[in-house]
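Worksheet: one structure, shown below.
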Amino acid sequence: MKLENLLYEKFGYAAFRAGQKEIIQDLLSGKNVVAMLPTGGGKSVCYQIPGYIMDGLVIVVSPLLSLMEDQVNQLRLIGEKRVAAFNSFRTMEEKKEVLRNIEAYKFIFASPEMLQSPFFLQALKRVKVSLFVVDEAHCISQWGFDFRPDYQKLQHAVRQLGNPAVLALTATATKKILQDIIDSLGLSDTALHFHSIDRPNIAIQVEGIDTLEEKKMRLLSYVKELQGPGIIYCSSRFWSEALAEGLRAEGVEGVSHYHGGMEQEERMLIQQQFINNQLRVISCTSAFGMGINKSNVRYVIHFHYPANIESYLQEIGRAGRDGKDSIAVLLLSGADHDLPVSIIQDELPDQKRVAYFFSLLKKSLLQRDTISFADAEYIGIAAGLHEQHWRFIRYQLEELGAVQDGCILVSALSSEIQQIINDKVLDRLNNKYEKLQAMRNWLQTLTCRREAFLRLFHDKKQKQPKNCCDICGIDVTDYKQIQKEKSMPVYEWKTELQLLLGMKRRWDYE
DNA sequence: CGTTTAATATGTATATATTAAACGGTGCCATACT
């Protein structure tokens, strides 16, 4: 009763959505919660309501700066002023100001990297933290082992902040990933809220194609025929641009590309235009998607397939959030199989480079007594390590206790440690190759793709959809654009003029 | 595998052609409190 009142008072909603109330009650009763909720299912309510009831501060860990800014703005819109994002968008003065008045805040958003900063943690220790939220918690499992190791270190932050209740939220997780999250955060007394990941309104199609030319033609005909808006996923920046350009050259309007190599401003603009229906098609790498709250995406086409089935689930899951019929098409040709292997190989340092790095470290240690992380990173670059490789090695050294006060200890140079690191690299590679193999096996499935797919997530088909998968049979015409020459709407003269001059596009009004 | 970049070959040298090697995808941070 009290919870509903608060919900209405703060958010204007009359009733909770599925799962929200149970999550809130578990948190209030002192449990940790790991929950999978569909996107747009009101994740923020799950921590904001308990936040208002509990007397201390709420920390929200978020993977992307733009997500943080978004959430801060949304809170401000409902009148909450005691909120701040603590990240590199802020100047040093602004950050100091926030920390000086830390008592005045209710919600602080931060990246996992920020939560490793002693400067930040010390200030947080002055106040009571009552809730620690990890948003998009699958990142712990997806990124934490090598790409962003600070995701694996969140449990240290939780402990330092006096073990507040932890809420881990995600929209896409297998049971294995949920377990990874629990293990990594070191949670006990945890309530699991798991919902089926089956999305019966998304038809799944895999299409074998012989040549690259043919694949481009298939893509073009899909983009021309399917009802939009749609997303095209590629595995390289190059192809995301090339496909967008190719489609435009063929007369497709409202196409843009998106990848991590673009300027932040441009990325935000394109994302916004897509959400506001000013763009019809986005050709992109995996950089696009997280935090995209768009309900009416009608198709997702994979021009290249991702290296694991979890990413595939995430990517096709961006279609049909409104529950309406949508389709996921994967275009597969023999030449596609080498790319994910190469990408995986690049993710971790090979033995030769590790050995070279340690030999350089040894040499350097003869000249001075200690090696700071900054020096070691520099040495790493000289040894041909990528930034990501260096961070992986650093994380392993930290775990092995071979570092102290931001410096590498002499003990790190033992051949034993080098061996352990090489073993860890092999572990991770094997793990990634296994996931890739699972993805490939699924591509070869001869039985219902949805069933095979759900099995990998320990899940089951709820009921047989009319359009299930290419093996059960899909009527693609169901997803084609309705020809509406007759019903072309007529707007008032101002709008028609804008349409004529290309200032607006017709689908802005549909 | 396809594409880009770097290295080599040519040979009055310059600038282009040819060949070999490298690369490919996700993002945060960098401060300095008492």
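Here is the naming used below: chain letters follow the sequence lines, and residue numbers restart at 1 for every chain.
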Can you name the atoms? Protein N/O to nucleotides 21-24 of chain B N/O, anything below 3.5 Å, with the distance.
from, atom 1, to, atom 2, distance (Å)
B:dG24, O6, A:Ser342, OG, 2.9

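B:dT3 atom P lies 10 Å from atom CZ of A:Phe303, rounded to whole Å. Nucleotide B:dT26 holds its C1' atom 11 Å from the OH atom of A:Tyr258, rounded to whole Å. As a whole-Å value, the separation of A:Glu69 CD from B:dG27 C1' is 15 Å. Rounded to whole Å, atom C1' of B:dT26 lies 13 Å from atom CD1 of A:Ile344. Separating the CZ atom of A:Phe392 from the P atom of B:dG27 is a distance of 21 Å, rounded to the nearest angstrom. Rounding to whole angstrom units, CG of residue A:Asp146 and P of B:dG27 are separated by 15 Å. Between A:Met268 atom CE and B:dG27 atom P there is a gap of 14 Å when expressed in whole angstrom units. Here the P atom of nucleotide B:dT26 and the OH atom of A:Tyr233 are 11 Å apart, to the nearest Å.
When heavy atoms are screened at a 4.0 angstrom cut-off, A:Glu315 is found touching no nucleic acid atom at all. Across all strands shown, A:His337 has no heavy atoms under 4.0 Å from either base or sugar-phosphate atoms.
Among pairs with a residue in residues 261-278 of chain A, none fulfils salt bridge (charged side-chain N to carboxylate O under 4.0 Å, His left out), at least two apart in sequence or across chains. For residues 164-173 of chain A, no residue pair satisfies the salt bridge (charged side-chain N to carboxylate O under 4.0 Å, His left out) rule, not counting sequence neighbours. For residues 106-122 of chain A, the set of pairs meeting the side-chain hydrogen bond (donor to acceptor under 3.5 Å, both in side chains) definition, not counting sequence neighbours, comprises A:Glu113-A:Arg148.
Rounded to whole Å, the P atom of B:dG25 lies 12 Å from the corresponding atom of B:dT4. Across B:dT14 and B:dA9, the matching C1' atoms stand 14 Å from one another, rounded to whole Å. Here, B:dA30 and B:dC23 have their C1' atoms 28 Å apart, quoted to the whole Å. With P as the reference atom, B:dA20 and B:dT26 are 31 Å apart, rounded to whole Å. B:dT5 and B:dA13 are spaced 25 Å apart, taking the C1' atom of each and rounding to whole Å. B:dC28 and B:dA32: their P atoms are spaced 22 Å apart (whole Å).
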| note | Protein heavy-atom contacts under 4.0 Å, written 5' to 3' over nucleotides 28-34 of chain B as B (base), S (sugar-phosphate only) or - (none), form the string BSSBB--

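With sequence neighbours left out, A:Tyr299 forms a ring-ring contact (aromatic ring centres under 6.0 Å, His included) with no residue at all. Residues meeting the ring-ring contact (aromatic ring centres under 6.0 Å, His included) test with A:Phe145, sequence neighbours left out: none. Remark: A:Tyr233 engages A:Arg318 in a side chain to side chain donor-acceptor pair (under 3.5 Å) (not counting sequence neighbours). In this view, A:Gln142 and A:Gln314 satisfy the side chain to side chain donor-acceptor pair (under 3.5 Å) rule, not counting sequence neighbours. For the ring-ring contact (aromatic ring centres under 6.0 Å, His included) test, residues two or more places apart in sequence or in another chain that qualify with A:His389 are A:His386.
Between A:Ala335 and A:Thr285, the residue anchored nearer the 5' end of DNA chain B, judged by the nucleotide with its closest heavy atom, is A:Ala335.
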Can you list, pair by pair, the side-chain donor-acceptor contacts under 3.5 Å of residues 204-213 of chain A, counting residues two or more places apart and other chains?
from, atom 1, to, atom 2, distance (Å)
A:Gln205, NE2, A:Glu207, OE1, 3.1
A:Gln205, NE2, A:Tyr222, OH, 3.2
A:Glu207, OE1, A:Tyr222, OH, 2.5
A:Glu207, OE2, A:Arg218, NE, 2.6
A:Glu207, OE2, A:Arg218, NH2, 3.0
A:Thr211, OG1, A:Glu214, N, 3.1
A:Glu213, OE2, A:Lys216, NZ, 3.3

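In this structure, of B:dG2, B:dG27, B:dT26, it is B:dG27 that holds the atom nearest to the side chain of A:Arg267.
The backbone N or O of A:Leu361 lies less than 3.5 Å from no partner atom in the side chain of A:Ser364, so there is not a single donor-acceptor pair.
A cation-pi arrangement is found for A:Arg394 relative to A:Phe373, the charged atom lying closer than 6.0 Å to the ring centre and inside a 45° cone about the ring normal. A cation-pi arrangement, defined by a distance under 6.0 Å to the six-membered ring centre and an angle within 45 degrees of its axis, is present between A:Lys294 and A:Phe274.
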| request: Decide salt bridge (charged side-chain N to carboxylate O under 4.0 Å, His left out) for A:Glu97 and A:Arg90; before the verdict, give the C-alpha distance in whole Å, the side-chain angles of both, and the deciding distance to 0.1 Å. | output: CA-CA 10 Å; A:Glu97 187 59 29; A:Arg90 305 281 99 78; over 6 Å; no

| query | Can you give the dot-bracket line for DNA chain B, where a pair is Watson-Crick or G-U wobble with both atom distances under 3.5 Å, crossing pairs use [ ], and | marks a partner on another strand? | reply | ((((((((((....))))))))))..........

